[in-house]
Amino acid sequence: MSADGPRSLGDVLEDVIDELGVQEEVDEARVVETWAHLAGDKINSVTESAWMKDSTLYVKITSAAWRQELHMNRRKWRERLNGALEAELVDEIVFR
């Protein structure tokens, strides 16, 4: 316990993440997890994988029709994703 009294677990975890220098990896994992949650069962059923590189989310889609539909609405998906994350972590979404 610090001299200032007890700290919340969130504050402690934030300090540990900063000390380890893994904030980028944590953010990337949050983006991929949030994408899967927002996409729902139908889109997840045609999603082979999702990953982040820099500030771009890549989503590999097995259906050409779904890939085209998602691509046409990628800006809305980006806004929705960043809104759910409450942070501007994704600049672009690429559907492959």
Side-chain angles (χ1 to χ4, degrees):
M1 193 175 337
S2 72
D4 296 332
R7 296 175 55 207
S8 73
L9 180 58
D11 288 344
V12 172
L13 286 175
E14 205 171 280
D15 287 348
V16 170
I17 289 168
D18 286 343
E19 286 178 27
L20 294 174
V22 293
Q23 186 63 56
E24 185 176 338
E25 290 83 355
V26 170
D27 288 344
E28 289 174 356
R30 283 181 55 220
V31 168
V32 171
E33 182 179 321
T34 303
W35 163 259
H37 176 74
L38 290 177
D41 292 340
K42 285 184 180 182
I43 295 172
N44 283 327
S45 72
V46 295
T47 299
E48 186 173 307
S49 59
W51 68 97
M52 287 283 294
K53 183 174 181 186
D54 300 319
S55 59
T56 301
L57 172 64
Y58 294 88
V59 184
K60 188 168 184 183
I61 303 294
T62 59
S63 163
W66 270 109
R67 187 171 43 250
Q68 180 65 23
E69 176 71 25
L70 291 165
H71 175 77
M72 289 178 9
N73 292 297
R74 69 188 182 281
R75 286 180 188 86
K76 289 179 185 176
W77 278 107
R78 180 181 48 83
E79 291 169 4
R80 206 170 150 204
L81 186 55
N82 284 330
L85 292 162
E86 298 180 348
E88 293 294 318
L89 298 177
V90 179
D91 289 335
E92 184 65 55
I93 302 176
V94 175
F95 297 99
R96 295 184 168 185

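Treat the numbers as computed from the prediction; the structure is a model and nothing was measured.
Linking Ile, Leu, Val, Met, Phe, Trp and Tyr residues whenever their side-chain heavy atoms come within less than 4.5 Å places V26 and V16 in a single cluster.
For the pair L57 and L81, the minimum side-chain heavy-atom distance is below 4.5 Å. You'll find the side chain of F95 stays beyond 4.5 Å of the side chain of Q68, heavy atoms only. Looking at heavy atoms from C-beta onward, V59 lies out of side-chain contact with L70 at the 4.5 angstrom threshold. Between I61 and E48, the closest side-chain pair of non-hydrogen atoms is not below 4.5 Å. At a threshold of 4.5 Å between non-hydrogen side-chain atoms, the residues T56 and D91 do not count as touching.
Heavy-atom minimum distance, A36 versus N44: O-ND2, 2.8 Å. Here the closest heavy-atom approach between residue D54 and residue E28 is recorded as O-OE2, 4.4 Å. A84 and L38 make their closest contact through CB-CD1, 4.1 Å (heavy atoms, listed as atom of the first residue, atom of the second, distance).
Residue N73 holds its CG atom at 10.5 Å from CD1 of I93, rounded to the nearest 0.5 Å. For the atom pair NE2 (H71) and CH2 (W77), the distance works out to 15.0 Å, reported to the nearest 0.5 Å. A distance of 10.5 Å separates OG of S63 from CD1 of I43, quoted to the nearest 0.5 Å. Interatomic distance, E24 CD to I17 CD1, rounded to the nearest 0.5 Å: 13.0 Å. Atom CH2 of W35 sits about 13.0 Å away from atom CZ of R78, to the nearest 0.5 Å. To the nearest 0.5 Å, atoms CG (L85) and CZ (R80) are separated by 12.0 Å.
A distance-only check finds no donor-acceptor pair linking the side chain of S49 to the backbone of K60 [under 3.5 Å]. Of the possible donor and acceptor atoms, one in the side chain of S45 sits under 3.5 Å from a partner among the backbone N and O of K42. Using a distance-only test at 3.5 Å, with no hydrogens or angles considered, no donor-acceptor pair links the side chain of R30 to the main chain of D27. With hydrogens and angles ignored, the 3.5 Å screen pairs a side-chain donor or acceptor of N82 with a backbone N or O of L89.
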Passes salt bridge (Lys or Arg N to Asp or Glu O under 4.0 Å), E92 versus R74? Steps please.
CA-CA 8 Å; E92 184 65 55; R74 69 188 182 281; 3.1 Å; yes
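The number of heavy-atom neighbours closer than 6.0 Å to CD of E25, taken from other residues, nucleotides and ligands shown, is above 12.
The aromatic rings of Y58 and W51 lie parallel to each other, their planes meeting at an angle below 30°, with 60° marking the opposite boundary.
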